[in-house]
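These notes concern the structure reproduced below.
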Amino acid sequence: MTATKDAPAPARRLEWQPALVRDIVVETPRVKSLLLDVTGWRGHLPGQHVDIRLTAEDGYQAQRSYSIASPPEDDRLTLTVERVDDGEVSPYLLDNLRIGDRFGLRGPIGGYFVWTTDIGGPLYLIAGGSGIAPLMAMLRHRRRQNSRVPTLLLYSSRTLDDVIYKGELDAMADGDPNLRIANTLTRKQPTGWTGYGRRIDKELLAETSFLPRQNPKIFVCGPTPLVETASRLLVELGHDSLTVKTERFGPTGGQPT
Amino acid sequence: MNDKDADRVLDGNAAASLLQEIFVPEITTAQIQCVACSLTGALGSLRLYAVPMGTVLRCTQCDCVVMRLAQTPRGRWVDMTGARYLKF
């Protein structure tokens, strides 16, 4: 089987592998990142996801999908987990999981919602909440490759405390004239806030996006209403719907399997 | 569409795990053609509806059902009545 340009990862059936938790990073009050060692991990592309499987003592299994937040250049695999209040997996991952624990993982999965520096730009990323995770893998990959691809990130969060990877994103944008980050806070803005303070609308997109004739590569990830709104407005602004790649969140914060 | 219904709408990319258990080559970038309107695009770009019976993939242009997936105790079903072809 020959791998295509879109899917350079070697074709192989999905198999469960053990993932070992090496570190846990508190990102926001509702979000943690899990840094994992996966034996025999064969690499991934920025934007891909994995399935994880938890097995209870009575044999009950729960499975969820999580985007990979780390770039292919990292040895460890990072998954960023947001709390779903009535969820059965995220509360366990956030409250009970400890360094040294193991769980089942398979992947990488999905070659469609993927960007590498080879694909080029300009790159236009739109994130809502923890939808930043797969886009962060793209941004980290871009940074590690010292890429100068003109890049815009429009990132919608509820409050300043909910902005995931804030310090790292600010540091990334500092001293990189080709990277611009526009934050919008939809629920509460701190005093002196200079970013946007509303949900994504047409005017906000028009102000932050590349022009259609620049042929940007567009990736939108977040809750369904945000993705639906942003992709519809981008088409109204003249972007070809086939250039807008979307990834909606399911009811469990992951994708159904 | 209320919030609860909206939550069940995803992208074709979300069907990757299920389909990748069956197909060996990368499935989300495979081109799929809708029988009803002949729109051709990556499987990952279809609209996915996660319904209790399984997964329904619809065309983004005409909304017709392109593919239906179900996992049952008696096997996995992949109904492709609405697709003219898959190209890898």
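Chain identifiers are assigned alphabetically (A, B, ...) following the order of the sequence lines, protein sequences preceding nucleic acid strands; residue numbering begins at 1 within each chain. This structure is a prediction, so every number in the text was calculated from the model and none was measured. In what follows, every heavy atom counts, from backbone to side chain, and hydrogens, waters and symmetry copies are set aside.
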*Please list, chain by chain and in numerical order, all residues satisfying side-chain hydrogen bond (donor to acceptor under 3.5 Å, both in side chains) with B:Asp63, sequence neighbours excluded.*
none
*asked:* Does this structure show an ion pair linking A:Arg140 with A:Glu73, if we count only N-O contacts that are shorter than 4.0 Å?
replied: no
*Is it the case that more than 12 heavy atoms not belonging to B:Arg58 sit under 6.0 Å from its CZ atom?*
yes
*If you count heavy-atom pairs under 4.5 Å between each of B:Ile22, B:Thr60, B:Ile27 and chain A, which one has the most?*
B:Ile22
*Tell me, yes or no, whether the heavy-atom count around A:Trp16 atom CH2, taken from other residues, nucleotides or ligands under 6.0 Å, exceeds 12.*
yes
_Contact origin within B:Leu43 toward chain A - heavy atom pairs under 4.5 Å_ = neither
*Relative to chain B, which of A:Thr246, A:Leu242, A:Val227 shows the most heavy atom pairs under 4.5 Å?*
A:Thr246
